[in-house]
Amino acid sequence: MKDIIVQKFGGTSVADTDKIKNVARAVIKEKNNGNNVVVVVSAMGHTTDVLVKLAKEITPNPSLREMDMLLSTGEGVSIALLAMALQAQGCNAVSMNAMQVGIITEKIHSKARILEIKTEKIQEHLDKGEVVVIAGFQGVTDDFEITTLGRGGSDTSAVALAGALKAKRCDIYTDVEGVYTTDPRIVPRATRLEQISYDEMIELANGGAGVIHPRAVEAATQHNMPVRVRSSFKLDNLGTLILGVDEMELQRPVTGVAADTSRLRVVVCDVIDNPGTAAALFDGLANENISVDMIIQSYARKALNTNDIAFTINKEDLTKTKEVISGLKQELGYSNIYIDDKIAKVSIVGAGMINRPGIAAKMFRTLANIGINIKMISTSEVKISCLVDESKANEAVETLHSVFGLDSDEIAEVKGDLPNV
Ligand code: ASP
Ligand code: MG
């Protein structure tokens with residue numbers, strides 16, 4: 001039995017027909033290594049953004065079902081063109097959308113999770129020696145409704161397919177050469193990592209490192225699937241391997257630094273200090289599928305029987321969040337809501353920080369030394385995040401990167417934009 005390799009090519013790698021022909025060469029190269037190849041592609045270039053813009057020109061609030069119908073068409077174009085490019089280069093290939101494969105998701109439009117992937121049809125084609133080109137980002141419910149997995153979701157499609165097919169590896173081809181200690185556009189002396197653990201990668205991806213979608217890393221963890229992030233323009237470079245922490249050597253306490261400016265802070269002031277208020281608030285948000293990141297509940301003011309609850313959400317969820325909170329006015333009894341949208345979450349990440357005291361203090365001291373005020377702090381086993389003013393984010397990242405010894409001797413070569421995840 002041949003090994004299966006899943007290759008995923010993002011929007012920048014299939015942005016025009018020349019690039020699609022280049023992708024076909026990368027696919028054929030892998031096939032010639034003696035592997036069965038399944039390819040997952042995103043929509044061409046900025047297609048998805050263009051489609052979103054068209055919808056917004058029709059109505060500011062398009063229905064999520066129709067948005068999924070619309071956005072899923074982008075990947076339909078690229079799979080067919082890539083299959084044609086492969087055939088034109090003499091390689092048997094077939095394209096398949098999520099409905100044809102059976103990529104079954106929850107019935108949630110715009111950010112569905114994959115529940116199950118049927119592999120029989122794919123396997124039939126592989127057995128005939130064909131390369132199977134599959135549309136990323138899209139899914140189908142068990143009653144044939146089209147769904148999408150959320151922006152950047154084709155990484156997740158690829159890793160989930162690799163898991164279902166018991167592939168040997170999933171290669172995410174993109175326009176950067178791998179995972180860096182931080183965004184090389186902010187810190188040109190960022191270092192490419194040869195390896196990074198799943199946990200660290202999830203934190204870096206959540207922290208704003210736009211190189212791979214966080215859910216894709218979750219899927220990789222579940223299946224224990226090795227994932228390689230590599231350049232579609234330098235096929236001989238091996239990029240960065242994402243794998244289980246047990247399989248790697250921990251050298252430094254901090255592996256990477258990231259800044260995320262996609263969030264805003266909501267402070268609900270003078271919430272009644274009774275059992276159940278936080279539950280009511282976060283239940284309300286969860287019911288609307290609003291994901292909350294950092295949460296701080298302040299020290300209760302006993303005399304007033306109130307405290308403040310602050311949390312961060314995605315900027316695009318603001319309207320819904322305000323609706324949820326005002327709908328709970330009775331139960332929460334708050335005085336007012338305060339929104340801060342000029343913030344950035346700066347995180348240091350490292351599996352090596354476990355059991356090493358002083359890392360947090362060093363981060364806070366570094367920020368203090370450059371006069372940066374910390375608005376919120378949160379930590380996990382492998383991460384420390386501080387919320388700071390958006391205008392200070394790059395300076396914070398640069399300084400932390402060098403204080404934690406991550407600067408490289410060389411200047412990283414950066415081509416174009418980082419992928420849009
Ligand atoms: N085309 C989708 C997007 O732009 C999915 C992806 O590229 O991963 O978000
Ligand atoms: Mg992408």
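Side-chain contact between I337 and V267 is absent, with no heavy atoms from C-beta onward closer than 4.5 Å. In this structure the side chain of L264 never reaches within 4.5 angstrom of the side chain of D340, judged on heavy atoms. Using a 4.5 Å heavy-atom cutoff, the side chains of F282 and I309 are in contact. The shortest side-chain heavy-atom distance between L161 and I117 falls under the 4.5 Å cut-off. Between V77 and T47, every side-chain heavy-atom pair lies at or beyond the 4.5 Å cut-off. L406 is not listed as a side-chain neighbour of T182, based on a closest heavy-atom distance of 4.5 Å or more. Within the 4.5 Å cutoff, no side-chain heavy atoms of S385 are placed close to those of T379. Within the 4.5 Å cutoff, no side-chain heavy atoms of T147 are placed close to those of V140.
Looking at R65, its side chain never comes within 3.5 Å of a backbone N or O of H109 through a donor-acceptor pair. At distances below 3.5 Å, at least one donor-acceptor pair connects side-chain atoms of N97 with backbone N or O atoms of Q100. The backbone N or O of Q222 sits nowhere less than 3.5 Å from a side-chain atom of Y198 that would complete a donor-acceptor pair. Judged purely by atom type and a 3.5 angstrom limit, S78 uses its side chain to pair as donor or acceptor with the backbone of S42. Checking side-chain atoms of K111 against main-chain N and O of N289 turns up a donor-acceptor pair under 3.5 Å. For the pair R263 (side chain) and T312 (backbone), a donor-acceptor distance under 3.5 Å is present. Although no hydrogens or angles enter the test, the distance criterion places a donor-acceptor pair under 3.5 Å between the side chain of T240 and the main chain of V179. In this structure, R189 contributes its side chain and D409 its backbone to a donor-acceptor pair below 3.5 Å. Using modelled atom types, no side-chain atom of S13 and backbone atom of F9 make a donor-acceptor pair closer than 3.5 Å. T156 contributes a side-chain N or O that, together with a main-chain N or O of A216, makes up a donor-acceptor pair within less than 3.5 Å.
Closest approach of M96 to V132, counting heavy atoms only: SD-CG1, 3.6 Å. Taking every heavy atom of both residues into account, K31 and V131 meet most closely at CD-CG2, 3.4 Å. Residues E200 and A351 share a closest heavy-atom pair of OE2-N, 2.8 Å. Between K168 and I5, the closest heavy-atom pair is CB-CD1, 4.2 Å. Counting all heavy atoms, side chain and backbone alike, G139 lies closest to T105 at CA-CG2, 3.7 Å. Residues E130 and V94 come closest through the heavy atom pair OE1-CG1, 3.7 Å.
Here the CD atom belonging to E145 is positioned 8.5 Å from the CE atom belonging to M99, to the nearest 0.5 angstrom. Within the model, atoms CE of M201 and CD1 of I196 stand 5.0 Å from one another, a figure rounded to the nearest 0.5 Å. A distance of 5.0 Å separates CE of M363 from CG of L400, quoted to the nearest 0.5 Å. To the nearest 0.5 Å, the span separating CE on M1 from CG on D3 amounts to 9.0 Å. Distance CD/E323 to CD1/I290: 8.5 Å, rounded to 0.5 Å. From R265, atom CZ reaches atom CD1 of I339 across 10.5 Å, with rounding to the nearest 0.5 Å.
Side-chain contact check for S197 and D199: no donor-acceptor pair (N or O, by modelled atom type) lies under 3.5 Å. No side-chain N or O of Q7 forms a donor-acceptor pair with one of D171 less than 3.5 Å apart. Side-chain contact, N394 with E398: no donor N or O sits under 3.5 Å from an acceptor N or O. For the residue pair T148/Q138, the side-chain donor-acceptor check at 3.5 Å is not satisfied.
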Could you please spell out the steps behind the salt bridge (charged side-chain N to carboxylate O under 4.0 Å, His left out) verdict for K392 and E390?
CA-CA 5 Å; K392 299 283 166 60; E390 190 172 2; over 6 Å; no
Test salt bridge (charged side-chain N to carboxylate O under 4.0 Å, His left out) applied to K315 and D341, step by step
CA-CA 8 Å; K315 284 183 175 153; D341 61 0; over 6 Å; no
Could you walk me through whether V187 and V397 pass side chain to side chain contact (heavy atoms under 4.5 Å, CB included), step by step?
CA-CA 8 Å; V187 182; V397 170; 4.0 Å; yes
Kindly indicate, with the supporting measurements, whether the criterion salt bridge (charged side-chain N to carboxylate O under 4.0 Å, His left out) is fulfilled by K128 and E124.
CA-CA 7 Å; K128 284 191 267 176; E124 275 171 29; 6.0 Å; no
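A salt bridge links K375 with D389: the distance from a Lys NZ or Arg NE/NH1/NH2 to an Asp or Glu carboxylate oxygen falls below 4.0 Å. Comment: R230 does not engage D236 in a salt bridge, judged by the lack of any side-chain N to carboxylate O separation of less than 4.0 angstrom. With respect to the salt-bridge test (charged N to carboxylate O, under 4.0 angstrom), the residues R151 and D49 qualify.
Remark: K8 is not positioned above the aromatic ring of Y173, lacking an NZ or CZ atom under 6.0 angstrom from the ring centre and at most 45 degrees off the axis.
Put simply, the residue from V257, D407, T366 that forms a side-chain contact (heavy atoms from CB on, under 4.5 Å) with S402 is D407.
For E66, the CD atom sits in a packed shell: over 12 heavy atoms of surrounding residues, nucleotides or ligands are nearer than 6.0 Å.
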